[in-house]
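Notes follow the structure.
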Amino acid sequence: MHISLHHTFALVAAQSLITGVLGDFSGPSFPAPRDLTSDQSLVKTAWNSVTKAIEAQVCGPSPCNKRKRASGSSILEAARNITFSIGLISIHDPKAPSLQFHHTSPEIAVSTKGTTKVDDKSIYRVASITKVFTVLAGLLKLSDAEWERPLSNILAPLSNQNNNGGVLSTPWDKITMRALAAQIGGVPRDGFPNLGEIALQIRQTNASEARVMAITGLPPSSIIDPLSIPPCAAYVERNENCPAEPYLQGVANRAPTFSPWSTPAYTNNGFTLLGLAMAAVTNQTIGKLYQDNILDPLAMASTFSDPPPTSEYPRSVIVDADTGFVQPNGIFVSSGGVFSTTQDLARFGTGILNSTLLAPERTRRWLKPVSHTARLQYAVGAPWEIIRHVSPVTNKVTDMYTKSGDSGLYSSWLVLMPEYGFGFSILAAGTSLSRFEVVATLADTVSQALLPALQQQAEAEAARNIAGTYEYSGPGELNSTLVLTAAKDTAGVVISSWVSNGTDVMPYLTTIAGPAPHRLLPSVDYDARPGQVAFRRVGNVDSPATSTGGLETGALFAGPGMAAADWVLIDASTYYGAGLSLFVFDVASDGKATAVTIPVYRVTLSRSA
Ligand SMILES: *[C@@H]1O[C@H](CO)[C@@H](O)[C@H](O)[C@H]1NC(C)=O
Ligand SMILES: *[C@@H]1O[C@H](CO)[C@@H](O)[C@H](O)[C@H]1NC(C)=O
Ligand SMILES: *[C@@H]1O[C@H](CO)[C@@H](O)[C@H](O)[C@H]1NC(C)=O
Ligand SMILES: *[C@@H]1O[C@H](CO)[C@@H](O)[C@H](O)[C@H]1NC(C)=O
Ligand SMILES: *[C@@H]1O[C@H](CO)[C@@H](O)[C@H](O)[C@H]1NC(C)=O
Ligand SMILES: *[C@@H]1O[C@H](CO)[C@@H](O)[C@H](O)[C@H]1NC(C)=O
C-alpha cells in the first residue's frame, strides 16, 4: 500500500489527539510461555484448579460419593454420565501433554466391549475433527491450481446434471475445492438421505406418517414426486454405505444453501465431496492420503481413518457393545471418519503448530480466517471454527482455531491457540443427549481457566527474560539507557524510561504515539530459531470502555479504530530508512535477552539488569 508523506503525517497527527489507542495486531503480546508444567508455572496451577473443579462436578470415577459432589453447573453434572479425556498440547513445553484429565462414566465402566477405564491411549471417534485432517492432506498434496478446480470438472455426476442456472440449481462449475474446505461453497449441508430427513425419521421411529403430517402440515408422501427418492435410500435401508456414484447423483440436483463465496454455511456433504474430489485428483484413497502424509510422518500410530481393527478394541471407547464402532465410513471418511486418542491428537496439534509438515508461512496462512459470520466473535477458516476471546482485564483478543465434532455417540473438540503455540483436545463418548453440550462447556471451562494463566505466565517469563535495563557499553561514552518492564496486565513489554545520548525520549514517544504505556510486541522470530527476536512498538491498550472502537458513537470510519489503527501506521515513521518502531533483541537459548538493537538510533544496548 502506498502511503504518501502527507497522508502519513496526517495520520500521525490524528493519532496523537486520541486517547485509548487500539492495539490491533492479531498476535502475541509476549513471547509464548515455555514453562507450562513446572510447579512454578501459573498454567500448571490453573490446570490443577480447573481439573479439581471438574473432578468435583463429575465426582471422580464411580462409585460417586454424593456428599463430596460439588454443586454447580448442571451441565458439568451431566458430564458424570459421559466418558471424556482432556489433554494439553504445546510446542514450547514438551511435557504439556502429560497434563491430562480423564473421566470414565458408569456406562463405560461396565461396558462389555472395549475399555472400562479411559486414558490418553483410549481410542475415540473424533467425528468432524476429521475435517482438519482432510484439509491438511489437501494442503500437502494439492497444488494451488488444483484447489481452484471446480467440482464439475472433477466428479462426473456433478457435470451433467440438469443445471438451469436458477436458484434451485447448485452451480457445481463455480464451486471449487478451496471453497468446500472453507465451508463457503454453499452446497447442501448433508448427503441425501441425511439424519435430518423427516421421512427417514418416520421410518426409523415407526411413527405414523399421518400423525407427523398433522403436526407439521407437510404433504403426504403419496403426492410427492417419486424421483425425489434418493438413489442412496436403498443402501441406507439396508444399513449399508452409499457408494460415490449414487451419492453424487443424489446431491447433484439439490438446491444450494447459498451462492458460492456468500457466507460460511456448515456442510458435511461439502467435506464428503472434497474427499471424493481429492481422491479423484490424487488417485489415492483419503485413508491413504492421511496415512502417508500425516499419520506416518507424525507417528500417530493410534489414529485410523476407519474403525480400528478388533485387536485395538481393548483400548477403544465403545459405547454400544452390539454395534461396536459400526461399519467402515465409506465415502464419509473425509467428513467425520477418523478415530484417535488424546496422545495422538497432541502429536497432531503439535505437528500443526510447529509447522512439522507445512512450511511455517503456509501454516500461518492456514491458521487465518477465510470468512466472517455475522457474529463478531466467530469466524470461519478451512475448516476452522475460529472463536475470539477478549480478555476482560486487558482487552486483548486471542483467536482460538478450533474444530468440533459430534457424530453418533461421540463428541470432540480440538482447540489451537497459535499465538501461544498451545492447545488442547477433548474427546467424549456416551449415550447422554447432553454429550455435545458437555464437551462445549468443558471447552469453555478449560479455555477460560487457561487463557489468563497463559497470558500471566507469558508476562512472568517476559519479566524475567526481556524486562530490565539496557545500557550502552561502548566503545566510547554514550548516555543511552532503555528500561523495560513487564508489569501485570499490560499486555506487552512496556517502555518505562528511555534516554538516548542524554535526551529523554519519553516526551517524544507521547507526541508520536499517544500517551503511555508504550508497548513492545513480538513481530518476527524467524520461526522459533533462537538468536534474535524483533519487536514493534505499538500504542496503548484500549480500555474496555472504548473497546468497540467507536461502535457506540457510530463512528466506524473516523473513530480510533481507523484513525489510530496500529496496523495502518506500523512502520510509517522512519529515520534514514529505519523504522521508528523496531527493536531487535538478542536472545539466548534459555529465552533470556542479552541486548537490544534499536536500528533507528543506530545503537545496541546491553542488558545490565
Ligand atoms: C446419569 O445417568 C443415570 C442413569 O441413567 C441417571 O439416573 C442420572 O440422572 C444421570 N445423571 C445426570 C446428572 O444426568
Ligand atoms: C518443533 O520443531 C523444532 C524444529 O524442527 C524442533 O526442534 C522441536 O523439537 C519441535 N517441538 C516439538 C514440541 O515437537
Ligand atoms: C420399527 O418396527 C420394526 C418392525 O416392526 C421393529 O423391528 C423396530 O424395532 C421398530 N423400531 C422402533 C424404533 O420402534
Ligand atoms: C490410479 O491408481 C490405480 C491403482 O493404484 C492405478 O492402477 C491407476 O493406473 C492409477 N491411475 C492413474 C491415472 O494414475
Ligand atoms: C550525542 O550527542 C552529542 C551532543 O549533541 C553529539 O555531538 C553526538 O554526535 C551524539 N552521538 C550520538 C551517537 O548520537
Ligand atoms: C543521562 O541523561 C539523563 C537524561 O538527560 C540525565 O538525567 C542523566 O543525569 C545523564 N547521566 C549521565 C551519567 O550523564
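Both ligands and their constituent atoms are indexed starting at 1 by order of listing. Computed from a predicted model, the values in this text were never measured in an experiment. Along the sequence shown, the residues carry numbers beginning at 1.
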Heteroatom distance test (Asp504, ligand 6): nitrogen or oxygen, under 3.5 angstrom
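Looking only at distances, the answer is no, because the N/O contact criterion of under 3.5 Å is not met.
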
Give yes or no for whether the N/O distance cutoff of 3.5 Å, strictly under, is met between Val499 and ligand 6.
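In this structure, Val499 places no N or O atom under 3.5 Å from an N or O of ligand 6.
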
With atoms numbered from 1 as shown, which atoms in ligand 5 lie under 4.0 angstrom from a non-hydrogen atom of Leu478?
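Those of ligand 5 that fall under 4.0 Å from Leu478 are 12 (C), 13 (C).
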
Is atom OH of Tyr378 surrounded by more than 12 heavy atoms (other residues, nucleotides or ligands) closer than 6.0 Å?
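Enclosed.
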
What residues, two or more places apart in sequence or in another chain, satisfy side chain to side chain contact (heavy atoms under 4.5 Å, CB included) together with Thr503?
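Residues passing side chain to side chain contact (heavy atoms under 4.5 Å, CB included) with Thr503: none at all.
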
Holding to side chain to side chain contact (heavy atoms under 4.5 Å, CB included), I want the full list of residues that pass it with Ala578, two or more places apart in sequence or in another chain.
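Expected list: Pro599, Val600, Arg602.
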
For the aromatic rings, using the six-membered ring if either is Trp, is the centroid distance between Tyr601 and Trp498 under 6.0 Å?
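Yes: the rings meet the under 6.0 Å criterion.
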
Between Tyr410 and Phe325, what is the ring plane arrangement, given parallel below 30°, perpendicular above 60°, and tilted in between?
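If you compare the ring of Tyr410 with that of Phe325, the planes turn out tilted.
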
With Phe348 via ring pair (Phe, Tyr, Trp, His ring centres under 6.0 Å) - residues at least two apart:
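Result, ring pair (Phe, Tyr, Trp, His ring centres under 6.0 Å) vs Phe348: Phe133.
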
Between Val603 and ligand 5, which part of the residue brings a heavy atom under 4.0 Å of the ligand: side chain, backbone, both or neither?
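Contact part for Val603 vs ligand 5: neither.
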
If the test is side chain to side chain contact (heavy atoms under 4.5 Å, CB included), which one of Ile91, Leu450, Leu416, Ile89 qualifies with Phe422?
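Result for side chain to side chain contact (heavy atoms under 4.5 Å, CB included) with Phe422: Leu450.
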
Residues Asp571, Arg536: salt bridge by 4.0 Å N-O rule:
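Answer for the salt bridge query: yes.
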
Ligand 2: which residues have a non-hydrogen atom closer than 4.0 Å?
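Within 4.0 Å of ligand 2, protein side: Ile91, Thr350, Asn354.
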
